[in-house]
2 protein chains.
Amino acid sequence: MKRRKDVAQIKKDIAWNTKELFAQKGYAATSMEEICTVNNRSKGSIYYHFKSKEELFMYLIKLSYEEWIASWHAKEEQYTTSIEKLYGLADHYVDDMENPLHNAINEFVSGQSISAEMMEEMLAIIRIPYTTCKNIIIQGMEQRELKKQNPDDLMYIINSLLNGLSTLYYELEFTEIRRLYRAGIATILSGIQNTYEKN
Amino acid sequence: MKRRKDVAQIKKDIAWNTKELFAQKGYAATSMEEICTVNNRSKGSIYYHFKSKEELFMYLIKLSYEEWIASWHAKEEQYTTSIEKLYGLADHYVDDMENPLHNAINEFVSGQSISAEMMEEMLAIIRIPYTTCKNIIIQGMEQRELKKQNPDDLMYIINSLLNGLSTLYYELEFTEIRRLYRAGIATILSGIQNTYEKN
DNA sequence: TAAAAAACTGACCGTTCAGTCTAATGGTAT
DNA sequence: ATACCATTAGACTGAACGGTCAGTTTTTTA
């Protein structure tokens, strides 16, 4: 009863092969023909495994975020303090930056033809990194490494910073970008305001 | 010798009418037919004023950023300290957030069919807010309001934070978002790390 | 007021797209 | 060997796309 090939694995392969395309060109501008090309597969084959472009995209998004959170949990164990974890999280964002599906997702959900439940599903996926960040923050406050304040606010702020830095992809070298991510965390930790009076 | 209508004004009208469309649906997913609809104009009329969809888009981007920097310069005068200006800049980002062309721009430049000089032009436009931010930072350091450090680093960090926060558009209320922008600046100013030893 | 120029229209064109259909392929069980 | 069926290939479809153009209407010119 065993199949020639593991169908689930084929679906994953197709999705991963397609990630770079969606990440670089966006959802609408990526054609099914191009998807066929990068997969060395025919249209019939792709449509045998996915009933639509939309479904393939959603599948890829889910897969990517599952991968993201899984590899973070693996990394997280090697850090102890929450401050180390914040720097580690910054690194994790950098490692993931080469294929930023973020823009494609925004384009996808902004397009009119999206059902309510799909929207809900997408929002739930997007919230994963927020939760990850929030947990670190809460730990940091419990351990008194961080000042006590609204954890949700801080979660949004740190996540926005790390997301926003990804736009430097086209402007700076990779090592420079990594340095800036860490500098961003350092800045948020220690602040930039001069505590001495002027003069 | 005066024309019935000012051609330059018509071009601007068309561009502004189209802004929301590009902002919400992205570049590729916005069709010329839709652009005609929101302008109450025929295809021929649009193409009479713009030689291509691409040109219309570039024109809109330029216009938007000119508007952005102009209205900022008007606001800036009412602030004195650089810290006030940073909060003011955050507000300015919020005011501009309803039609974020940012994603459309990313999609546009990532699409393959873009000439080198157009790419250069686009990058120059995108750099406008960076420069704006940098000037505030330099002033802040000169006035000793801010700690001395690499101004470029800080410019990238603050800009990334303000850009990144815009993705909260779909998740939070407008007043909540405005509060978070200010909280973001406050956080960067004073830092989050506890300066007391733990225990 | 007649002629020229500017502004505009919408049918039309070639191309590209997501998705469909059917025939071919090849592994597996009997 | 044969029958079966999961899988694949790629020609095909209809809709939608960006862009063009011959021709009409409106305004300016002189």
Side-chain angles (χ1 to χ4, degrees), chain A residues 1-19 21-22 24-61 104 107-115 118, chain B residues 1-19 21-22 24-61 104 107-115 118:
Chain A
M1 269 306 174
K2 197 173 68 169
R3 286 199 181 80
R4 246 186 318 164
K5 297 173 185 174
D6 184 355
V7 179
Q9 188 55 49
I10 291 178
K11 287 188 75 168
K12 286 185 186 177
D13 289 345
I14 293 174
W16 287 129
N17 289 337
T18 311
K19 184 174 183 181
L21 224 41
F22 277 131
Q24 289 185 354
K25 312 189 63 174
Y27 178 74
T30 297
S31 74
M32 290 302 289
E33 316 256 6
E34 287 172 299
I35 293 173
C36 292
T37 302
V38 300
N39 280 284
N40 279 322
R41 274 170 190 276
S42 66
K43 265 205 177 146
S45 177
I46 301 289
Y47 273 94
Y48 178 80
H49 292 286
F50 298 96
K51 80 172 213 285
S52 67
K53 186 183 178 184
E54 208 176 73
E55 192 193 273
L56 167 55
F57 185 72
M58 280 298 292
Y59 182 84
L60 168 61
I61 300 302
E107 180 205 338
F108 183 73
V109 300
S110 298
Q112 72 290 10
S113 58
I114 191 169
S115 67
M118 189 172 257
Chain B
M1 269 303 177
K2 198 172 69 170
R3 286 202 180 78
R4 184 171 46 127
K5 295 174 187 174
D6 186 355
V7 179
Q9 188 56 50
I10 292 177
K11 287 187 74 168
K12 285 185 187 176
D13 289 345
I14 294 175
W16 287 129
N17 288 338
T18 311
K19 184 174 184 182
L21 225 41
F22 276 131
Q24 289 185 354
K25 312 188 64 173
Y27 178 75
T30 297
S31 74
M32 289 304 289
E33 317 257 3
E34 287 172 300
I35 292 173
C36 293
T37 302
V38 299
N39 279 284
N40 279 322
R41 275 169 191 278
S42 68
K43 241 183 199 179
S45 176
I46 301 289
Y47 274 94
Y48 179 80
H49 292 285
F50 298 96
K51 79 172 214 285
S52 66
K53 186 183 180 185
E54 209 176 71
E55 192 193 273
L56 167 56
F57 185 72
M58 281 298 292
Y59 182 84
L60 168 62
I61 300 303
E107 180 203 338
F108 183 73
V109 300
S110 298
Q112 72 289 10
S113 58
I114 192 170
S115 66
M118 189 171 256

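As the structure is a prediction and not an experimental result, all values here were calculated from the model. The figures that follow rest on heavy atoms only: side chains count, while hydrogens, waters and symmetry mates do not. Lettering follows sequence order; numbering is per chain, from 1.
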Would you kindly give the [atom1]-to-[atom2] distance between [X] and [N], to the nearest whole Å?
{"X": "B/Glu54", "N": "D/dG19", "atom1": "CD", "atom2": "P", "result": "8 Å"}
{"X": "A/Lys11", "N": "D/dA6", "atom1": "NZ", "atom2": "P", "result": "16 Å"}
{"X": "A/Lys51", "N": "C/dT20", "atom1": "NZ", "atom2": "P", "result": "10 Å"}
{"X": "B/Leu56", "N": "D/dG19", "atom1": "CG", "atom2": "P", "result": "10 Å"}
{"X": "B/Phe57", "N": "D/dC17", "atom1": "CZ", "atom2": "P", "result": "18 Å"}
{"X": "A/Asp6", "N": "D/dA6", "atom1": "CG", "atom2": "P", "result": "16 Å"}
{"X": "B/Ile14", "N": "C/dA7", "atom1": "CD1", "atom2": "P", "result": "11 Å"}
{"X": "A/Ile46", "N": "C/dT20", "atom1": "CD1", "atom2": "C1'", "result": "15 Å"}

Please examine the side chains of A/Thr18 and A/Phe57, heavy atoms only from C-beta on, and report whether any two atoms are closer than 4.5 Å. no
Any side-chain N or O of A/His49 under 4.0 Å from OP1/OP2 of D/dT8? yes
Please tell me which of the listed nucleotides, [options], lies nearest to the side chain of [X]?
{"X": "A/Arg41", "options": "D/dA9, D/dG19, D/dG18", "result": "D/dA9"}
{"X": "B/Ser45", "options": "C/dG19, C/dG10, C/dT9", "result": "C/dT9"}
{"X": "B/Ile10", "options": "D/dG10, C/dC8, D/dG19", "result": "C/dC8"}
{"X": "B/Tyr47", "options": "D/dT8, C/dC17, D/dG19", "result": "D/dG19"}
{"X": "B/Glu33", "options": "D/dA11, C/dT9, D/dC17", "result": "D/dC17"}
{"X": "A/Tyr48", "options": "D/dG10, C/dC17, D/dA6", "result": "D/dA6"}
{"X": "A/Met32", "options": "D/dG18, C/dA18, D/dA9", "result": "C/dA18"}

Mind checking B/Lys53 for me? I need base, sugar-phosphate or nothing, with any heavy atom below 4.0 Å counting as a touch. sugar-phosphate
Looking only at atom types and distance, does a side-chain atom of [X] sit under 3.5 Å from a main-chain N or O of [Y], one as donor and one as acceptor?
{"X": "A/Glu107", "Y": "A/Tyr27", "value": "yes"}
{"X": "A/Glu55", "Y": "A/Ser52", "value": "no"}
{"X": "B/Lys25", "Y": "B/Ser31", "value": "no"}

Assign each of A/Gly44 and A/Tyr27 the nucleotide of DNA chain C bearing its closest heavy atom; nearer the 5' end lies the nucleotide of A/Tyr27
Most 5' of A/Lys43 and B/Ala28 on DNA chain D, judged by nearest nucleotide: A/Lys43
Ignoring hydrogens, what is the shortest heavy-atom contact between B/Ala15 and B/Leu60? Give both atom names and the distance. O-CD1, 3.4 Å
